[in-house]
Structure formats: C-alpha cells, structure tokens
Amino acid sequence: MENTMEKLVSLCKRRGFMFQSSEIYGGLNGFWDYGPLGVELKRNVKEAWWRDMITMHDELAVPAGAPQTFSMVGIDTSLVMHPQVWKCSGHYDLFHDYMADCRETKKRYRFDHLKGRWASFRDKRVFITTDQSGDDGLAHVQQRGLDHFNLRKNQAEQITWGTGSHGGLPYALAGMTITQPYTPETPLEGLRPITDSDALASVLAPDAKEVGTLTEPREFNLMFKTTIGALAGDEGTAFLRPETAQGMFVNFKNVLDSSRVKFPFGIAQVGKSFRNEITPRNFTFRSREFEQMEMEFFCHPAESPQWYQYWRQRRYNWYLNLGIKSDKLILRDHTQEELAHYSVGTADIEYAFPFCEPGSYGELEGVAHRGDFDLRSHMEGKLRKGPDGLEVELNADGVPKYRGSGKDLTYFDDQTRERFTPHVIEPAAGADRTTLAFLCEAYHEDQQPDEKGEMQTRIVLRLHPRLAPIKVAVFPLIKKQGMPEIAADIYRELKAAGIATAFDQQGAIGRRYRRQDEIGTPYCLTVDGDTLETQTVTIRDRDSLEQRRIKISDVVNEILALLRK
RNA sequence: GCGGGUGUAACUCAGUGGUAGAGUACCACGUUGCCAACGUGGUUGUCGUGGGUUCGAUCCCCAUCACCCGCUCCA
C-alpha cells in the first residue's frame with residue numbers, strides 16, 4: 001500500500017503511540033518516545049514474549065518439536081557492565097569502525113572492507129582497491145587496473161601486480177588496529193587491506209577516477225561511552241550495553257548455582273540497549289536506544305543443532321500466532337559469508353515492512369547458534385578464529401589481548417559424569433521493531449457505510465486482541481435514561497478484572513466506534529434502550545462489525561474468554 | 001557522512017515582505033439515537049531553532065536541528 005508508512009507515523013503521533021524524543025526541542029535523531037497507547041502496545045508485546053518464554057513454560061512437559069524438557073528463567077541485569085565484558089565479547093573491537101570517505105565520489109567505506117593490490121604499468125604505480133569481496137573483488141580490481149592504465153583486455157599481462165598477498169600489516173594511523181585480522185582463510189585471495197605503507201596518495205578508491213581521493217580513516221564508536229564516578233578519566237570509562245545478552249552470559253554461573261534450574265535451560269531478559277547507529281532510519285526500526293527481548297539457551301554441544309532447529313521454528317511461529325501473516329514474514333538462514341566467525345548457524349526472522357523494497361525484508365529477530373564462544377570468551381579472554389577453531393587472541397607480547405574472568409563457566413552433568421562448556425542458542429528479538437511490525441501488519445483502511453449509507457474510508461488497526469492497548473470500550477448509546485450509569489458500572493467491573501477498558505460517551509455512537517477502530521480496540525460494548533429491560537448489552541466486533549447481545553452479568557467472563565482465544 | 005526534498009494548529013495542508021487561514025480533530029450547549037449525523041458557539045500556533053538583511057521576516061539570505069527519499073552503513 002502506498003504511503004502506508006507515512007499514514008502510520010501520522011496515526012501514531014495523532015493517537016499517542018509514538019512521539020519523537022524531545023520533540024519540543026526539535027527532536028533527537030535516533031530516539032523515540034512511546035505515548036499512552038504505545039506504551040501499552042509495547043508492554044503487551046513484551047508480555048506476550050515473556051509469557052511464552054517464562055511464565056507459561058511447562059518444564060515438566062516436552063514441547064512439540066523440542067528434544068526434551070528444559071527450564072526457563074528470567075533475569076534483569078544492569079545497563080552498564082564491567083568494561084572487560086565488552087572487550088572479551090568482542091564488541092569493544094568490533095564496534096570500533098574506521099570509515100574513510102572518497103572526496104571524489106562522496107562515498108563512504110568501512111576502511112577494513114577496502115582491499116586491494118599494487119598495480120604497476122611502465123613507471124606508474126597505483127594501489128587499486130575494491131569494496132567487493134571474494135572473486136568479484138579480484139575481478140573488479142583487475143578490471144579497474146585495465147581501465148586506469150587505459151589498456152585493452154589482451155594487454156592485461158602488461159600490468160605488474162604486487163606480490164604482497166597475505167599478512168598485510170594493519171593500518172597503524174591513529175592507533176587503529178584492524179579488528180578482523182587478515183588470515184589465510186580470508187576469501188580475498190590475492191588482495192590485502194590498505195596498510196600504512198600504502199600511502200593514501202597512491203590509493204585508487206573503488207569508484208573513483210582519480211588517485212588519492214580517500215580521506216584518512218576516522219573512528220566511529222558504536223558503543224555509547226559514559227563515565228563512572230564524577231571525575232572523568234580513562235579509568236572511569238564504561239559503556240552502555242549494546243546488547244542484553246552479555247548479562248545472561250556473565251550470570252550463567254549465578255543462575256546455575258542459585259535457582260536449581262535443570263539442564264538444559266534458558267535465561268531470558270528484556271531490556272534497553274544502545275548502539276550509536278550511523279544512520280538511524282525508518283521510524284523506530286533503527287534507533288540508537290532500543291529494547292531487546294533476548295534469551296540464551298544453554299545446552300549440551302551434541303544436542304545443540306536440534307535445539308537450534310527447535311528455537312528458530314518456535315520463534316517464527318510466535319509471530320504468526322500473534323497475527324503476522326506468513327507471506328510477510330520469512331525465516332532466512334544466513335549465508336556462510338554473513339555468519340559471524342563464531343556462529344555455527346544463524347537465521348533471521350524478517351518482516352516485509354512498508355519501507356522495504358518489494359522482495360526485501362527488515363530483521364525482527366536473529367536466532368543464532370553461538371557455540372561455546374560466549375562462555376569461553378568470559379573464561380579465557382577474547383577469542384578469534386584460528387586455524388584449529390577459536391583461539392585466544394594474543395597481542396604482540398604473546399599474552400591475551402583481553403583477559404577473561406578466569407572463572408569456571410563449564411557445566412558438570414551428575415548423571416553422565418561429564419564436564420563440558422555448554423553451547424548457546426540465542427533468539428534475540430527487537431521489541432521496538434516487533435512492535436512496529438505488529439502496527440504495520442495491523443494497519444488497514446476499508447470502506448464502511450456511514451449513517452446515510454455512503455461509503456467512508458475507515459482506518460482500523462487489526463491488532464491481535466492480546467496486543468491491543470485497549471481491550472474493550474464501553475459506551476452508553478445516549479447520555480440519558482440511566483445509560484451512562486450502567487455503562488460506568490460495566491466499565492468499573494471490567495477494570496476491576498484487570499482488563500484495559502475505555503469509557504466513552506462523547507459524540508455520536510458511530511464516531512465512537514471509529515475512534516476505537518483506529519486504535520485497535522477489538523470489542524465495544526454498548527448500553528442501549530433494551531439494556532434497561534433485558535439486562536443485556538451489545539458486543540461489537542472490530543473486524544466483522546457484527547453485533548450480538550450478551551448479559552451484563554456475563555460481560556467480564558465473555559471478554560476474558562475472547563482474549564484467551 | 002553525501003545528494004535531493006520537507007518543516008505553518010493535535011492531524012492533513014493552503015498562504016503572504018506588513019506578526020496567519022481551510023478541512024478534520026477537540027470542547028460546550030441543543031437536537032438525534034447503532035457505525036466518522038446536524039445546528040450554534042468556542043479553544044489551539046513564538047509559521048522547527050538561531051542568526052543576518054530590512055522600517056518591518058512565517059516569506060529573502062546564512063547556519064543549525066529534525067523528518068522523508070536516494071547513496072553509504074546496518075557490526
């Protein structure tokens with residue numbers, strides 16, 4: 001639907017779902033506030049997740065598709081954690097991006113994505129770069145060489161290519177170290193990163209015609225820095241967490257020792273995270289402060305593939321059960337190239353947002369098989385991929401670059417007398433993205449006749465009743481004959497039962513229905529003339545617009561039953 | 001970060017070098033009474049923010065912030 005996003009943003013503002021942060025001061029890029037209805041919607045999303053993960057989990061039964069019974073517990077950890085957490089997790093290095101701009105094309109590149117090779121022709125020597133990877137990159141560089149020296153394809157041999165293939169020295173400007181080391185496994189056979197010996201003046205940028213158009217790489221820190229204690233200084237530097245997951249990993253032993261969880265088990269957490277995104281975009285989809293719903297599932301390495309399959313399917317179904325249509329939601333396995341170096345497998349759950357190109361999707365959740373990377377990192381220190389799997393990254397002196405805690409985070413199975421480091425399956429969902437997806441999915445415009453029988457456009461949010469901010473609205477048909485009083489009694493009865501209820505006696509009845517449609521209220525109760533005689537009210541369904549009569553005494557149970565569906 | 005566009009009432013938008021309007025919304029009263037009714041009356045803006053030019057700026061100029069689109073990025 002055209003402009004759906006604009007209409008939705010407008011509706012969110014108008015009816016109090018979401019506002020720009022600090023709006024009266026002109027707003028703040030990448031930050032959003034939830035209004036009175038938005039906070040209810042988002043709470044319901046988080047609550048649905050928490051209920052599914054923790055509250056409703058039956059640890060005595062084997063859920064369909066699961067290998068065996070398991071335990072689930074929740075925690076809530078601090079936003080600021082020991083700085084060493086982020087050094088060992090890899091975020092500290094990885095979230096330092098170095099970017100270089102091309103003065104000619106105005107394009108920006110991640111500096112460590114630029115790879116290239118020296119090319120010489122007669123007395124000219126140029127370091128030709130590409131931002132493409134794999135064989136494409138090599139072909140690109142070769143073609144650029146021909147173009148640059150004005151040669152034909154059959155003259156390709158006249159170019160002399162530099163022999164520096166592997167082991168390019170890290171770029172050393174501004175104390176920068178290449179965060180993903182150039183290892184023999186790197187698929188860019190024959191290409192190497194730009195090193196400080198390649199004077200930038202000799203570098204041909206990937207899309208430039210002239211040589212030497214790249215700026216010095218500049219640092220982008222994707223973690224928010226803060227200071228612990230009143231005095232600023234490096235010793236007090238800490239970071240706002242860029243993910244909630246580390247809270248689970250560092251508390252793995254605490255939970256294990258204190259809660260009598262039965263292995264295997266999951267630890268779940270819902271909470272805020274912060275990433276200093278370069279380009280926040282698309283309403284709340286990519287923001288700098290956001291809320292995550294993450295669960296770390298600890299299991300035996302041998303069973304981890306089954307658990308991975310179980311969780312990716314279960315999480316996908318969660319969205320379907322709450323009303324996302326399957327043709328808008330895909331479960332996409334990461335390609336080998338996309339996989340983080342520690343991950344055995346990762347699948348994204350992605351939704352076709354209105355702002356996505358046809359055929360493309362926006363990520364709601366990643367379900368990752370993380371192996372034993374996280375627990376080992378916090379035992380041994382920051383890990384990286386070596387020839388024989390993960391190994392502790394060492395600095396020039398041969399000691400660990402970032403030391404781990406040294407604490408034993410292995411698990412001992414009493415039954416099998418086996419000690420092992422559990423593997424981790426991580427479903428990590430974005431609460432704000434998910435909330436936005438539910439809103440997008442719910443947004444509908446349809447044609448309904450008005451009082452005179454003329455068709456009018458109706459905006460309706462077809463939210464799942466469990467997610468709707470308001471579950472039921474109570475109206476007196478008119479403001480007399482005792483109707484407001486009866487309606488108020490029903491309203492209070494519903495509120496007392498813990499049901500989010502609205503009361504509205506303002507304006508014509510049709511208008512009141514439409515107001516509720518627009519905010520997604522699934523049911524409306526109307527007290528009318530017959531109520532006084534029959535002790536019944538009408539209940540009207542948001543989507544079908546059908547009405548039926550129910551007894552006032554049954555109202556609460558009826559609504560509860562509908563919400564439980 | 002680059003390029004283009006936008007910024008006026010709660011929302012959608014019009015408008016002018018002489019400090020602003022429409023529709024919707026909202027409120028009150030009356031009438032009506034089951035799907036955006038009608039009548040009457042009413043409320044709301046530092047015209048995104050800060051400078052400059054000018055006798056005077058919402059309008060022109062500069063800067064800045066935010067949003068949208070494209071590129072880049074999306075760890």
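Since we're looking at a predicted model, the values are computed, not measured. Chain identifiers are assigned alphabetically (A, B, ...) following the order of the sequence lines, protein sequences preceding nucleic acid strands; residue numbering begins at 1 within each chain.
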Protein-nucleotide distance (A:Met483, atom CE; B:C34, atom C1'), rounded to Å: 11 Å
B:U46 and B:U58, which share atom name P, separated by this distance in whole Å: 13 Å
Sugar-phosphate only, base, or nothing, as touched by A:Asp517 at under 4.0 Å among non-hydrogen atoms: nothing
Under 4.0 Å protein heavy-atom contacts per nucleotide of nucleotides 26-31 of chain B, with B for base, S for backbone only and - for none: SSS---
Pairing nucleotide - B:A22, Watson-Crick or G-U, each distance under 3.5 Å: B:U12
A:Ser343 side-chain N/O to A:Leu339 backbone N/O, donor-acceptor pair under 3.5 Å: no
Backbone of A:Gly27 reached by a side-chain donor or acceptor of A:Ser21 within 3.5 Å: no
Pair A:Tyr361-A:Asp348, side-chain donor/acceptor within less than 3.5 Å: no
N/O donor-acceptor pair under 3.5 Å between A:Thr501 side chain and A:Ile499 backbone: yes
Any A:Arg14 side-chain N or O less than 4.0 Å from OP1/OP2 of B:C11: no
Polar pair under 3.5 Å, donor/acceptor by atom type, side chain A:Arg540, base B:C34: no
Euclidean distance for P, B:G7 against B:C26 (whole angstrom): 26 Å
Atom-pair distance (OH on A:Tyr513; C1' on B:C34), nearest Å: 5 Å
Value in whole Å for how far the P atom of B:A36 lies from CZ of A:Phe475: 13 Å
Whole angstrom value for the distance that separates P of B:A36 from CG of A:Leu545: 10 Å
Base paired to B:U6 (Watson-Crick or G-U; both N/O distances under 3.5 angstrom): B:A66
P spacing across the pair B:A36 / B:C29, given as an integer number of angstrom: 23 Å
For B:G39, the Watson-Crick or wobble counterpart (both distances under 3.5 Å): B:C29
Separation of the P atoms in B:G52 and B:U40, to the nearest angstrom: 48 Å
Nucleotide-resolved protein contact map, nucleotides 64-69 of chain B, B/S/- at heavy-atom distance under 4.0 Å: -SSSSB
Those residues that, when tested against A:Phe17, pass ring pair (Phe, Tyr, Trp, His ring centres under 6.0 Å) (two or more places apart): none
Between P of B:C73 and CZ of A:Arg275, the distance in whole Å: 18 Å
Pair assignment for B:U53, Watson-Crick or G-U wobble, requiring both distances under 3.5 Å: none
Plane angle bin for A:Phe438 and A:Tyr319 - parallel if under 30°, tilted between 30 and 60°, otherwise perpendicular: parallel
Sugar-phosphate, base or nothing in reach of A:Ser10, heavy atoms under 4.0 Å: sugar-phosphate
Rounded distance in Å between the C1' positions of B:A22 and B:A9: 11 Å
Gap between atoms CG and P, on A:Asp504 and B:A36 respectively (whole Å): 15 Å
5′-ward residue of the pair A:Thr279/A:Glu518 relative to RNA chain B: A:Thr279
Touch class at under 4.0 angstrom, heavy-atom based, for A:Glu357 against every strand present: sugar-phosphate
Gap between atoms CD1 and P, on A:Ile509 and B:C34 respectively (whole Å): 9 Å
Within 45° cone and under 6.0 Å: A:Arg540 NZ/CZ vs A:Tyr513 ring: yes
Separation of the P atoms in B:U44 and B:C65, to the nearest angstrom: 33 Å
C1' atoms of B:G15 and B:C68, separation to the nearest Å: 23 Å
A:Asp530 CG to B:C34 C1', straight-line distance once rounded to whole Å: 11 Å
5'-most by nearest nucleotide on RNA chain B - A:Glu363 or A:Ile459: A:Ile459
salt_bridge(A:Asp446, A:Arg462) N-O dist < 4.0 Å: yes
Passing candidate, ring-ring contact (aromatic ring centres under 6.0 Å, His included) with A:Phe285, options A:Phe355, A:Tyr351, A:Phe290: A:Phe355
P gap between B:G17 and B:C73, integer Å: 45 Å
Under 3.5 Å donor-acceptor, A:Arg15 side chain and A:Gly38 backbone: no
Heavy-atom side-chain contact between A:Arg458 and A:Glu445 under 4.5 Å: no
